[in-house]
Amino acid sequence: MDFIVAGFIKAIELLISCDSATWTAVWATIKVSTGSMLLSIGAGLPCGFLLGYFDFKGKKHLRTILDTMLALPTVFIGLAVYAFISRQGPLGELGLLFTLTGIAIGQTILAFPIVTAITATTIENIDHDLKLTLVSLGAGRRNIIATCLWEVRYGILAAAVTAYGRVLTEVGISMMVGGNIKYHTRTITTAIALETNKGLFADGIALGLVLIMIAFIVNLSLSFLRKQ
Amino acid sequence: MTNNIQVTKKNPAYHLKNIQHYYGNTKVLDIDDLKIEKGSITGLIGPNGSGKSTLLKLLAFAQKPTRGQIFYKGRMELPFSTSIRSKISLLTQKPYLLKRTVFENIAYGLKIRNEKNNLEQRIKKALLNVGLDYQNFTKRFWHELSGGEAQRVAMAARLILKPEVLLLDEPIASVDIESAGLIRQASLNARKNWGTTLVIASHDLQWLYSICDHQLSIFKGNIFSTGVENIITGPFEKSDQKTLIKKLEDGQIITLNAPSQNACTAIIRKKNMVINLEKQSGNGHINQLSGHITSMLLEKKSETIMATISIHDLSLIVLLSPDQISGLDLYPGKKVILTFHSHDVEWI
């Protein structure tokens, strides 16, 4: 029990003293998670809208594939991305292995199905009378799409928060694609795994606290936006 | 989208030709020919599931009929067409309010038309039209309104657009008598001020007859341009090869000529029904049913009185002239004999 208490004290010390290793990992985490979220929302939102709004042949099969992707293990994504961007891989020349960009790509693959699936479900659940109401008020196709998205903004926000939670806490992709290089590709989660392996629980707890704080701030901001 | 029908001032607001609409394999509308004149107020009467809402959606061009064509002012139009979508407005039975304030809900239609001038004054007027106070309601959110208030806000959101056609689906289903009066007045004003054509579906016959120029009744997707007609549903029993009978629980029997093809619902036109005070001598082909007058409604245009006769659990309608009313001294509650011939039946 003592080491947990000591961990909390150490955590506060590390954060207050602006420990460079800790803050580099924090910064790397923020950078990759923000990048991957921007990419996954940018691609997932329109895909989710199309999937939820329109009926087309093969829609059910596409939903099944997407739902399967929701359960993709992060180590599998890490492995697949690694295979593609390693020296021997088809994208090896881009030099993305052991970079934050590489991690962001992997995390985008992780977050994309979450954003797409939740957005599609949210759109599918839109009240049937909404479209009829918009048409009867004279809305054109663009107005209908924009208004539908605005009407389900909280559902889309939930999709983003869920995906962000998954991205922020994953280890497999960051470890395999990033390589856990100190001051370079080490993220909070890979750092926690490493410190715990070394028996340095205090450092691990400190980083864990930072992770929780980031998640808390993000959710607090979104909750504030929702009230607005 | 145009076709060979010439656009002239004489064209009706709507002309529906050979319309058939299906949900899956079920036919919900079957209209051979229907015209709705510009600037008219048409009432749509029919039981739940008769096809009223579907017809309104087709008239709003929010749905494409499975078969047939709909002409708007002489032009054939397709759903969501740009040329008409700003001219026709539909108020659905359960109006959907955007998850915004009352102000933003009413302003929505104007904003997408880029009509942002004098917004506050126009919204104030629109709210006043439906009996809502601007100060009290404008900042309220959608979830802070009662069913009746939401209905009136939705109505205001349509009235502010000054539509050429206003389609109202059960507009007074969830409002009180005062609000029903306000919606009636707002509808009449829309016609008076902007020449708006109105098609209104409602179960409240009294309210509907007080506002409409004429009524269409709809049953199982079939339109009757003579307004409410008498519908007798089965089960029927076969009396002989040419006759079906329906036994009422009070022992009375309705005799009807059997349909020539498979049909299960009988329509008896109200014009073919006669009221007497006592049973007359006649043959077995004349139905004489004993019942009570339950209501009397003035049909404005024809100045005739539509009387509803309750015969056990069946309500039948008969048209009467004011002279007949006074001559037979008819009033609600009075016992009467409703007479009609067994061959005066149509089957659907």
Side-chain angles (χ1 to χ4, degrees), chain A residues 41 45-46 48-57 59-60 115 118-162 219 221-228, chain B residues 53-54 56-64 78-100 104-115 126 141-142 150-151 153-170 199:
Chain A
I41 288 173
L45 199 62
F49 182 85
L50 294 175
L51 199 58
Y53 194 80
F54 296 104
D55 285 320
F56 51 87
K57 208 177 170 186
K59 181 177 172 172
K60 275 188 184 172
V115 175
I118 299 180
T119 303
T121 306
T122 307
I123 297 288
E124 274 170 354
N125 290 335
I126 282 181
D127 194 319
H128 285 294
D129 281 340
L130 170 60
K131 194 180 166 192
L132 192 57
T133 298
L134 297 178
V135 170
S136 74
L137 290 172
R141 197 173 285 266
R142 253 188 239 171
N143 293 124
I144 292 173
I145 291 172
T147 311
C148 281
L149 284 173
W150 183 249
E151 285 297 291
V152 296
R153 57 195 178 277
Y154 300 135
I156 291 169
L157 215 57
V161 170
T162 309
N219 278 294
S221 315
L222 292 176
S223 165
F224 176 74
L225 274 177
R226 196 175 162 153
K227 275 181 191 163
Q228 292 303 300
Chain B
S53 298
T54 305
L56 289 178
K57 281 177 197 167
L58 295 187
L59 295 177
F61 294 98
Q63 232 174 48
K64 191 178 185 292
L78 291 175
F80 313 113
S81 127
T82 326
S83 58
I84 49 158
R85 78 168 174 242
S86 57
K87 295 174 183 167
I88 301 169
S89 198
L90 165 69
L91 178 63
T92 53
Q93 198 171 344
K94 286 180 193 163
Y96 183 96
L97 288 186
L98 302 173
K99 292 182 174 59
R100 308 171 190 196
E104 286 165 331
N105 263 287
I106 300 174
Y108 182 86
L110 291 177
K111 281 183 180 172
I112 58 173
R113 286 167 174 75
N114 274 326
E115 292 178 28
F141 279 90
W142 81 100
Q151 184 84 19
V153 168
M155 179 80 176
R158 277 137 188 93
L159 287 174
I160 203 168
L161 304 174
K162 300 180 181 173
E164 283 183 9
V165 175
L166 186 55
L167 307 162
L168 306 177
D169 194 356
E170 302 283 353
V199 182

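Protein chains get the first letters and strands the later ones, always in sequence-line order, with residue 1 at the start of each. Below, each value reflects all heavy atoms present in this structure, side chains not excepted, and no hydrogens, waters or symmetry copies.
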Side chains of [X] and [Y]: does their closest heavy-atom pair fall under 4.5 Å?
X	Y	result
B:T92	A:H128	no
B:L98	A:W150	no
B:I112	A:R142	no

Ranked by heavy-atom pairs below 4.5 Å to chain B, first place among A:D127, A:L130, A:V135 goes to A:L130
Is the backbone of B:K99 close enough, under 3.5 Å, to the side chain of A:E151 for a donor and an acceptor to pair up by distance?
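A pair under 3.5 Å: yes.
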CG (A:D129) and OH (B:Y96) are apart, to the nearest 0.5 Å, by 9.5 Å
Rounded to the nearest 0.5 Å, what's the gap from CG on B:L91 to OG1 on A:T133? Could you check?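 It comes to 8.5 Å.
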The interface call for B:K87 against chain A, heavy-atom contacts under 4.5 Å, is neither
For the residue pair [X] and [Y], what are the closest heavy atoms and their distance?
X	Y	answer
B:R100	A:T147	NH2-CG2, 3.6 Å
B:S89	A:S136	OG-O, 2.7 Å
A:L137	B:A157	CD2-O, 3.8 Å

Report task. Answer with side chain, backbone, both or neither: which region of A:R153 has an atom nearer than 4.5 Å to a non-hydrogen atom of chain B? Result ->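 The answer is the side chain of A:R153.
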#### Entry: Heavy-atom neighbours of B:K94 NZ exceed 12 at 6.0 Å
no
- Could you please spell out the steps behind the side-chain contact (heavy atoms from CB on, under 4.5 Å) verdict for A:L134 and B:Y108? CA-CA 9 Å; A:L134 297 178; B:Y108 182 86; 3.5 Å; yes
